[in-house]
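Counting convention: from 1, in listed order, for ligands and their atoms alike.
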Amino acid sequence: MPGHYFDCNATTPVCEAASEAWVRASLKHWQNPSGLYRGAGMTRRLLEELRGELAGMLEVEEEEVVFTSGATEANNAVMEYASRSGGEGVFAVISAIEHPSVREAAEKWFGKEGVRELAVDQQGKVCLNALEEVLVEGAVGLVSVMAANNETGVIQPWREVGEICRKRGVPYHCDAAQWVGKASLAGLGECDFISGSAHKFGGPKGVGFLRVGGAARENFTSLVGGPQEGGMRAGTEDYPGVLAMMVALREKQGDMTAERLEGCLLERRAFEKRVGEDLPEVKIIAADAERLWNTVMLILPLSGPSNLKWLIRLDRLGFEVSTGSACSAGKGNPSHVMEAMGLDFDQMNRVLRISGGWQTEGKHWNALVDALLEVWEELKSGKRMEKREEITPSL
Ligand code: PMP
């Protein structure tokens, strides 16, 4: 992946080891794992080994892991299950900054009236007091709070949320799509439901997983139409896809030493420091919050044009960034995350999301500041820029 790709929260390319594994498995173990012949049996055995491996990484039971088409499916399925099992008058509690696949699924299955939103503070972090209050108020069927936000990168107090829910006996769902592959998995297995998505960490698109904890397994169905995935999800299992996801996950989680994480964080901080010094008109959202090491959300200068002009110019210079989450980008809708954090409409039109990856080095962060400066100079002077040579990718 080129070092100047700064939209890793939207997606990442499949890493080499994962794509090789996918091709090998597609050629060698392509049989339907539900078949009764030996080739199918072998694919089933290999698939179940991967389930065991993922369960081990999450510290959950093997039977609790469902392979899905990604986090969107997983999040929808959790909401459906919670609304079916919760009974009359039960509501869902979600944070105000959840991904649309949680928000819209909650509204679909619980109705608008059946969803309570937890406020976030100005740094975009869920307020635990608000959670305590809403749990005292009434019958809650599910709490859903993500591990880290896809737009701001702000790390949520998911461990504390899980603890509060456990004390009250309320099921807790953690959308960990932006967490898995970027941070330690320790403690995730304490959440009753966990969603993950392969394409956020160098695996293929259209593959993901869901942990369905404990008794929920008895009545849980994501897709109906066949007995696959222990009866929890119908559809032919995608062994090559799951293998590629696991190869990518092994690679990312295996390399994740405390020193490496610290190094990545220092590089992001150095970028932010330079932005502060060289572009004082640019503000960093949730600057003081604990954030993923790869994510920076900027508010561009108030005196300049909106974020799309910046994005187009940065693209011409070879830097791919985002104006917000890919799911709402280009729709002209203001981001519900920014809204929840108290940004006004004008500020929302000026946000730029920068999300690096494991391949991003200090020199790439530095080159991005140079490019931002160049764009700002150009926008101020109103002249067009020439396409600059792309910087050489490091990986
Ligand atoms: N949740 C979060 C926090 C995400 O960032 C995304 C991807 N934008 C999703 C869910 C959806 O994941 P997928 O693409 O696997 O459906």
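For the ligand labelled ligand 1, residue Ser101 lies inside the 4.0 Å heavy-atom shell.
The atoms of ligand 1 that sit less than 4.0 Å from any heavy atom of Gly70 are 15 (O). Set against the non-hydrogen atoms of Ser197, the atoms of ligand 1 under 4.0 Å away are 13 (P), 15 (O). Each of the atoms 3 (C) of ligand 1 lies under 4.0 Å from some heavy atom of Met146.
Residues near Leu36 contribute nothing to a hydrophobic cluster around it, because no ILVMFWY side-chain heavy atom sits closer than 4.5 Å to its side chain. Hydrophobic cluster membership of Phe110, counting Ile, Leu, Val, Met, Phe, Trp and Tyr whose side-chain heavy atoms lie under 4.5 Å apart directly or via other members: Val66, Val78, Met79, Tyr81, Val90, Ile94, Val102, Trp109, Val115, Leu142, Phe193, Leu210, Val212, Phe220, Met232.
At a 4.0 Å heavy-atom cut-off, ligand 1 touches Lys200 through the side chain alone. Counting heavy atoms closer than 4.0 Å to ligand 1, residue Glu73 contributes nothing at all. Looking at Asn150 against ligand 1, only its side chain comes within 4.0 Å, counting heavy atoms.
Inspection of the Asn75 and Ser195 side chains reveals an N or O donor paired with an N or O acceptor under 3.5 Å. Between Gln156 and Ser95, the side chains place no donor N or O within less than 3.5 Å of an acceptor N or O (distance only, hydrogens not considered).
The ring of Phe6 has its center closer than 6.0 angstrom to the ring center of Trp365.
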